[in-house]
Structure formats: C-alpha cells, structure tokens
Amino acid sequence: MDKLHALDAFSALGQETRLDVFRLLIQTGPEGRLAGEIAEALGVRQNTMSANLAILTQAGLIRPVREGRAIRYFADMEGVKGLLAFLLEDCCGGRKALCQPVIDKLACAC
C-alpha cells in the first residue's frame, strides 16, 4: 500500500459512523452483513449508511457482494493487512525480525 491509499483509508476511518461500520464488519467475520442489517445494528438511516459504505469501499477497507437486490458487505482483510503493513513496514529501525511477531498476531486468517 502506498501513502495515498493509506491516507484514503485513514480518512474513511476518521468519521464515527464509518469507524463503527468497519469495526462491526471486522467483528462479524467471514459471513458479512447486508447493508440494511448494518444500518439497523448501528441505528443509521439507510441512505446515510449507503454513502458511508461507498466511502469505505473506495478506501479498500470493505468489499460488497451483490445478492439479488441486496448487497452484503465484508471487511476486506487484504486491505486491512495492506494498511497494517504500511504502518509497520519501517518499524524497529528496519529490523523486521523484531516486529514480525506483532505483524503475525495482527494478520488473522479471517
């Protein structure tokens, strides 16, 4: 991940509802949630939720999958791993072996 993509991701997460959506989808795991379920769980109007989901998708933090007329959203774990790798790529003065245990713990098999 490059700096511009990382800035997009941080910008997307820098708003309360979008951060809540992202955390909910991380907690939900591989089954994801329908857009309406996300809106209901967080008490957000569906048109507002739609805009927030689009921003998170554009930032590469979530991914949509169409199911007929509905859309199910999932945390994009590759995007999350890319963001974490960007943050940690130069940690410990470039001595990756010192940081690798932290990186390994953060990189779940979701």
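Not measured: the values here are computed from a predicted model.
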Heavy atoms from other residues, nucleotides or ligands near CD of Glu40 exceed 12 (cutoff 6.0 Å): no

Rounded distance (nearest 0.5 Å) linking atom CG of Leu34 with atom CZ of Arg69: 13.0 Å

Test log, rule side-chain contact (heavy atoms from CB on, under 4.5 Å), inputs Ile62 and Leu25: CA-CA 8 Å; Ile62 67 172; Leu25 290 175; 3.6 Å; yes

From CD (Gln58) to OG (Ser11), nearest 0.5 Å: 11.5 Å

Exceeds 12 heavy-atom contacts within 6.0 angstrom, atom CD of Glu16: no

Shortest non-hydrogen contact between Ala12 and Ile55, atoms and distance: CB-CG2, 3.9 Å

Side-chain donor/acceptor of Thr57 to backbone N/O of Leu53, under 3.5 Å: yes

Lys81 NZ to Leu88 CG distance, which is reported to the nearest 0.5 Å: 14.0 Å

Side-chain touch Leu61/Asp76, heavy atoms, less than 4.5 angstrom: no

Glu37 side, atom CD; Leu24 side, atom CG - distance, nearest 0.5 Å: 9.5 Å

Main-chain N/O of Gln46 paired to Ser50 side chain as donor or acceptor, under 3.5 Å: no

Common cluster, Phe74/Ile26, ILVMFWY with side-chain heavy-atom separation under 4.5 Å: no

Shortest non-hydrogen separation from Glu67 to Arg72 and the atoms involved: OE2-NE, 2.7 Å

His5/Asp8 under side-chain hydrogen bond (donor to acceptor under 3.5 Å, both in side chains): CA gap, chis, key distance, verdict: CA-CA 5 Å; His5 285 106; Asp8 285 343; 5.5 Å; no

Nearest-0.5 Å distance that lies between atom CE in Met1 and atom CG in Leu83: 5.0 Å

Leu19 to Leu13 - nearest heavy-atom pair and separation: CB-O, 3.7 Å

Heavy-atom neighbours of Arg66 CZ exceed 12 at 6.0 Å: yes

Side-chain heavy-atom pair Leu56, Val21 within 4.5 angstrom cut-off: yes

Nearest-0.5 Å distance that lies between atom OH in Tyr73 and atom CZ in Phe22: 15.5 Å

